[in-house]
Amino acid sequence: MTDVSSLRPLATVLVSAVAIAPILASRGRPNLRESWTMLAALATFGLSASMVPGVLAGDTYVTDFGTFLPGVESGSVAFALQADALGLLFALLASALWVITSLYSIGYMRGLDEDSQTRYFAAFAGSVSAAVGVALADNLVVLFVFYELLTVATYPLVTHDQTDEARAAGRKYLAYTFGGGVAVLAGTLIVVWLTGTADFTAGGIAALAESDPAMARLAFTLLVTGFGVKAALMPMHSWLPDAMVAPTPVSGLLHAVAVVKSGVFGIARVVLDVFGPETVSDLGMGLPLAVVAAFTIVVASIIALRQDNLKRRLAFSTVSQLSYIVLGLALLEPRALAGGLLHIPAHAFMKLTLFFCAGAIHVETHTDDISEMAGIGKRMPGTMIAFGIASLGMAGIPLVAGFVSKWYLLIGSVQAGGVVFAGALLVSGVLNVAYFWPIVYQAFFESEDAVGSKPLIENPFGGRDAPVPDGGRNADDEPAGATDGVADPDEGEYAVDRNPSDHVVEHSASKRAESPDAAHADEDAESDRAVPDDADHNGPYEPEHYDHVADDEDAPEHHHAGPPAGGWERRALSSETTWFMLGPILTAATGAVVLGIVPDRVAFLRLVEIVVAGATGVTL
Amino acid sequence: MTDLVPIAVALPIVASVVALLAGLVRSRSGWYVALVGSVAQVALTAELARRVVADGAIRYVVGNFSVPYGIELVIDGLSATMIVLVAVTALGVLAYARRAGPRSNPFYGAYLLLVGGLTGMSITGDLFNLYVFLEITGLATYVLVGSEEGGRSAVAALRYLLVGTVGASLFLLGIGYAYVATGTLNMADLAAVIGEDVGYTATLIRASFAFVVVGLFVKVAVFPLHTWQPEAYASAPDSVSALISALVSTVSAYALIRVIYTVFTVDFLEANPLAADLLAAAAAVSVVAGSVLAVAQSEVKRMLAYSSVAQFGLVVAAASLANETAMIGAFVHLVGHAMMKGSLFLAAGVVATATGARTVDEYDGLGERLPVGAGALAVLALAMVGVPPTLGFVGKWYIALGAVETGSWALLAVIVSSTLLTLAYFARLIERIFFREYAAPAGETGVAPDDADVPGDADVVADGNGLPADGNGVSTDDGDAPLREDVSFGMYAVVVVAALLAVTLGAAVFEYAQFVQPTVTRLLS
Amino acid sequence: MSTLEFALVAFVLATGLATAVLRDVLGSIIAFAAYSLGIAVVWVVLQAPDVGLTEAAVGAGVTTVLFLLTIAKTVRPSGERTLERLDLPALGVAVALVAVLATTLGALPPVGGAETPVATSEVTSYYLENAYHEAGVENVVTAVLAAYRGFDTLGEAVVVYAAGVGVLVVFQREVFA
Amino acid sequence: MIDAFAPRYLYLVTFLLLGIGTYMMIGNRNLVKKVIGMNLFQTGIFLFFIAAAYVEGASPAVLTREAPHVSPLPHVLILTAIVVGVSLTAVALGLIVRIYADYGTLDADVLWEVRHDD
């Protein structure tokens, strides 16, 4: 390992932070604004990718600003960034997926005509910057700095909708994550006190192994608890499902990848580079952590079964899957470590795909509840195929990313003698199938007419029996004389009402009866509009054209939950949604497959091997 | 050339007299005098600080007598920090006050007097002289608080005067006890006599400690002796709230540390562990109670005032630890808090001037209406919460590390969780600013963007409260939410610059720590 | 203690108490003026003539005039009762304060003792020995005031000035306007 | 007991004056009387200093008088403190006049309440 002094880690962190300024400045011009986002995303990705060859060759890129805070005695804490294998793994992942998510965000935010899009993109850039900062932090203090900044930057995204529900979720989010931050701070202070330093050292800080075990245990517990909040370890997970009120790209990149994995990443740093697997084992802290992780894996899977809201189900799935990684770290076995670390990118690709699909369904059909998705495969074939592939991966079926990581995990847990843990993994795999399969199954193999035969779903169907479904939100905007069921007593049943994120909901019953062809034509028009046209600054994306309610009088099928009265129409893959959304979905899904088929060709596995070799001395 | 030392006190006082007399020639000229005086004071204190960096502490006896018979002035790393802070803050607030007022000449006379009093408190090495400057500071502060229109500020000022005088009198009584026990008033001499002749456990010394500490607690506004403070901060003109919230309690806390460690010394705390424990307990209670009370406030300035109670709890906590790292942290936090809290008051003033909003509820949707002001306010609030790498975080780090080093786990818990307590009241504000829609108060017209009302009726702005004296109340109707035009560039500039400094200055703290390290080491030896 | 001293102290305490319990503000002010005069005499008895003089002029004189001016400008609430109603919480605080203070009584050196730290301290003897040839004044109090602790005296002047400025600010007046 | 007390009774008078002053500041509702209480409080402390300076049988600290002299330093301090006290009183009374002009009352209980409605 050689340290190479370089400004590249700094640049990687700063690019997206700096991009906030032009994004805010071009608030009136959406196309320009999104160009900045794309530029920043590509630059961040390019910078982190550029460091891969060097890191694979054994170098570490370091940007050092000198002393930031005092340590104990003569020790001190530097403000330094480093791109080592573990850090680069996370940075590369976050920046790569940000590129995809940025594209998707454009389609999603414009498709829903969301408010405050500038704030959204600015906060998104800030979040990515902070996440990359977490990845490239050189020591625990710098990691903490970015960890807290990440909280601050993501808060506006959680609260984006500005509804009571969103604000409540935002408050909960802040309380939980800052609470975790306090624990991390306390743990960091103790580590600095015990060792005089906070620098990450492969295999652990030596002085920690010789310090007072009680104090070391306290520090470990505080750190893991603090990071465990964002890693959604039970019982500190409950902010995550609530945070699903955020726009779906946020849920996808941040609450399945960047934010939650900053927590997992923190635990990885603590286990591998602060304490080191050996010391953790000596302190006897691995087993309790593994137990918590295994518990979370199983319980979260069971809870996921009972969620009808698709995003909430995905959230609990995330809670469960994150603990796979933690379990891998806690078992302290080289192969389990490798499996856990490899699951970071694997889960990221798969979960991102799933969230993107949920978002696409939401934008196109305003459907959020699984019970309303029967037969939706006709309407959105490409989306649901991608969903199916990612689900398979989640369950650990071979040829998709999830398999490789789970394989390592399973072997590792058997090697560690933790048959119980292996059992938990297997049970969870089965549960994964149980909560994903019905979605895929009903999407393709059931029609929206089939009543109640779906397994494991308890909520009543909405939309099917309702004579005239109506969002009920914008009743005032209904054309005068529209003889629709505004006062429909059943309307409280609709997902729209339970999910205020659908705040632009409009439906005209009289229009809904129009021929599918007409609707189809409108849909095409919609698709065309979604392509940004830089030459056309008076195009539909200028703010004054955002009067969604007025524009979309003719596109009725977008605005109520569940299938339209005539059932889902059948659409071709190319017209089911805009390419802004389908493209990212397919890219992410492809990524998941590539990781599953040729893991050794992708940088992630090799980075993981370097990390494991550094931490344990074992070459996989 | 050490004659510069007394000039640091004399300069603002002379400027104050000039400001007052200038009113004879031309009214409203006080601001310009204050500007010249403050700039000169900044230059002078900066020069003194430079000399301290270069040559170490400066000691000067007024009138060329010898210690302990004459009055000694001492500028070391810590007092240099204070006098520079006082001068710079006074200058910064002036930039705000130019448009915001108050504008009378006597006001600026009192303003400069406060600067002189605080500078005197910072550099004196004589216990009774400290009392005299404490009273000068007090008088100037009471008067400034009372300078707002309307009876409310007069009531607050009188209350402050009564409570503050009791505090100062108790401080004087504490001096009396120390003097009766030792027969001297010079701080260094007192420390020597107490240590060699009287002993740390003597009743008189303990009583002296108790009265001095309680008296200064009143001035610092440590819970439950804070009762004067919220109303004083809330009812004073915005410029004054900022100035006194940034400086008065800060320099009083400095005086507290100075007296505890220079006069009574670490050995006293070691000989009387109960004293240190009581300090720590008072600090912890202050942190928690101040935060809880801050959450309960509806008026923004009162909330900020209670926040100060909590933040000074942290400083006192650091002072109780008798640990170098924590002590440096106390000073980092004193400076950081002064900058952040003062600017928060100014930001609240900008908001009130621009929109009339003074309560938390009225801050709804402020991010849309006043993006720059609201953004700066949010940044300052987050810095106050202690989000890294801001100044607020760095101060907290030093204090917390000090707590770890001394093994004060209970105090450590309070210090780190103060982050959450602070978050509790600031998150509420931030949520309203950015994540709620602005709703025009009932009965108002001409404020909704698309409300095609008669232009010109926007004089009826969302303002139920008294504005500063000069608020002319005329705003143009640009078809947007009501925005008053009288927020000057200077008012914005101060707030924005402070927000930027709050974020970036954390990087300079390590350098600063190197600078004060020798002083702190001597203080704690 | 001599009878005169005792009577004097009793007078001071009695007038002090009277200011507290008299309901009529004017009565209270008059009692306070009497109290100030009494305490001025106490200063003289305790061999502090300078302080006594100042107290008589400032405490009994200026302060009383200020109080009288104030009630002339405001209001003199006259009630049917002669004495104030007793405020128990306030009494509790006052008694607690006195009790706490009284615990230090035994530790204080006896009044008038020649061996107290104050009397024997280096600072005191230095002033008494050197005041004349260093400051050229025979009244040591004046010497200390003007020379050794001239900085305090400067502060004192500033305090008076501050009060002047303060009253102007409080009444929101420009200078002499 | 009496032997220990008798030479220190002036300190007890100090404490009693402090007590009376405290009582007035808290217990009396009239603002003017609160300020009088503040003055009593301060003179109590003055007595503490002057009593501490006193030496039995000594003359004032004027060198033309015969030795021994009382300690001059506390006298100096108290001269300063008296002036501080009167300055504070002046400002306090100024505030009281303004409060009366605005609220028409000097009753503290009423004023502390008015504040909340402001």
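By convention in this document, chain letters (A, B, ...) are assigned in the order of the sequence lines, proteins followed by strands, and residues within each chain are numbered from 1.
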Please walk me through it: do F11(C) and V41(C) pass side-chain contact (heavy atoms from CB on, under 4.5 Å)? CA-CA 11 Å; F11(C) 174 75; V41(C) 178; over 6 Å; no

Is V45(C) close to chain D through its backbone or its side chain, or both, or neither, when contacts mean heavy atoms under 4.5 Å? backbone

Please state whether the side chain, the backbone, both or neither of S125(C) comes within less than 4.5 Å of a heavy atom of chain D. neither

Interface check, chain C: of I99(D), L40(D), D107(D), most non-hydrogen pairs under 4.5 Å belong to L40(D)

Qualifying residues under side-chain hydrogen bond (donor to acceptor under 3.5 Å, both in side chains), relative to Y126(C), sequence neighbours excluded: E134(C)

Checking A101(D) against chain C: side chain, backbone, both or neither under 4.5 Å from a heavy atom? neither

Is V21(C) close to chain D through its backbone or its side chain, or both, or neither, when contacts mean heavy atoms under 4.5 Å? backbone

Chain D-proximal positions within residues 96-103 of chain C [heavy-atom distance under 4.5 Å]: L97(C), V98(C), L101(C), A102(C)

Portion of V123(C) that has a non-hydrogen atom of chain D nearer than 4.5 angstrom: side chain

Proximity breakdown for I78(D) and chain C, heavy-atom pairs closer than 4.5 Å: side chain

Once you round to the nearest 0.5 Å, how far does OG of S87(D) lie from CD of E156(C)? 8.5 Å

Contact winner vs chain D - P49(C), S28(C), A119(C), A157(C), heavy-atom pairs under 4.5 Å: S28(C)

Top contributor to chain C interface from R29(D), M25(D), K33(D), M24(D) [non-hydrogen pairs under 4.5 Å]: K33(D)

Taking every non-hydrogen pair under 4.5 Å, which of V12(C), V118(C), V169(C), L46(C) racks up the most with chain D? L46(C)

Enumerate the ring-ring contact (aromatic ring centres under 6.0 Å, His included) contacts for residues 35-64 of chain C, please, sequence neighbours excluded, ordered by first and then second residue. F32(C)-Y35(C)

Taking every non-hydrogen pair under 4.5 Å, which of L86(C), V141(C), T124(C) racks up the most with chain D? V141(C)

Between chain D and each of L88(C), I29(C), L145(C), count heavy-atom pairs under 4.5 Å; write down the option with the most. L145(C)

Contact check, side chains of L93(D) and K73(C), non-hydrogen atoms, under 4.5 Å: no

Closest non-hydrogen atoms of A61(D) and L128(C), given as atom of the first, atom of the second and distance, are CB-CD2, 4.3 Å

Interface residue of largest heavy-atom contact number with chain C, from V70(D), N28(D), L106(D), under 4.5 Å: N28(D)

Please rank I20(D), T64(D), T80(D) by heavy-atom pairs under 4.5 Å with chain C and give me the top one. T80(D)

Going from CD on E138(C) to OH on Y132(C), what distance comes out if it is rounded to the nearest 0.5 angstrom? 5.0 Å

Which pair of heavy atoms, one from G52(C) and one from V44(C), lies closest together, and at what distance? CA-CG2, 4.2 Å

Applying a strict 4.5 Å limit to non-hydrogen atoms, the region of P68(D) in contact with chain C is neither

One should read off an interatomic distance between R23(C) CZ and N30(D) CG, to the nearest 0.5 angstrom, of 8.5 Å

Under a 4.5 Å heavy-atom cut-off, does chain D meet the side chain of V9(C), its backbone, both or neither? side chain

Max heavy-atom pairs within cutoff under 4.5 Å with chain D, candidates T153(C), L22(C), L17(C), T74(C), goes to T74(C)

If you measure from CD1 on I82(D) to OG1 on T43(D), what distance do you get to the nearest 0.5 Å? 9.0 Å

Choice from L18(D), L47(D), V84(D), I36(D) maximising heavy atom contacts with chain C below 4.5 Å: I36(D)

Residues Y127(C) and E122(C): side-chain donor-acceptor under 3.5 angstrom: no

Begin with the C-alpha distance, continue with both residues' side-chain angles, and end with the deciding distance and a verdict on side-chain contact (heavy atoms from CB on, under 4.5 Å) for V140(C) and V62(D). CA-CA 6 Å; V140(C) 185; V62(D) 180; over 6 Å; no

Begin with the C-alpha distance, continue with both residues' side-chain angles, and end with the deciding distance and a verdict on side-chain contact (heavy atoms from CB on, under 4.5 Å) for F48(D) and L10(D). CA-CA 8 Å; F48(D) 184 91; L10(D) 276 177; over 6 Å; no

Indicate whether the side chain of T142(C) and that of D50(C) have a donor and an acceptor atom separated by less than 3.5 Å. no

If you apply the rule side-chain contact (heavy atoms from CB on, under 4.5 Å), what do you find for T70(C) with Y100(D), and how did you get there? CA-CA 10 Å; T70(C) 307; Y100(D) 185 75; over 6 Å; no

Leading residue by heavy atom contact count with chain D [cutoff under 4.5 Å; candidates D152(C), T116(C), L13(C), V167(C)]: L13(C)

Given that the side chain runs from C-beta out, which part of F49(D) has a heavy atom under 4.5 Å from chain C: side chain, backbone, both or neither? neither

Examine whether an atom of I39(C) lies under 4.5 Å from a heavy atom of chain D, and if so say whether it belongs to the side chain, the backbone or both; otherwise answer neither. side chain

Top contributor to chain C interface from G21(D), A58(D), G37(D) [non-hydrogen pairs under 4.5 Å]: A58(D)

Considering only heavy atoms, which portion of L88(D) lies under 4.5 Å from any heavy atom of chain C: side chain, backbone, both, or neither? neither

Applying side chain to side chain contact (heavy atoms under 4.5 Å, CB included) to V93(C) and not counting sequence neighbours gives T22(D), I26(D)

State the CG-CD1 distance between L66(C) and I71(C), to the nearest 0.5 angstrom. 12.5 Å

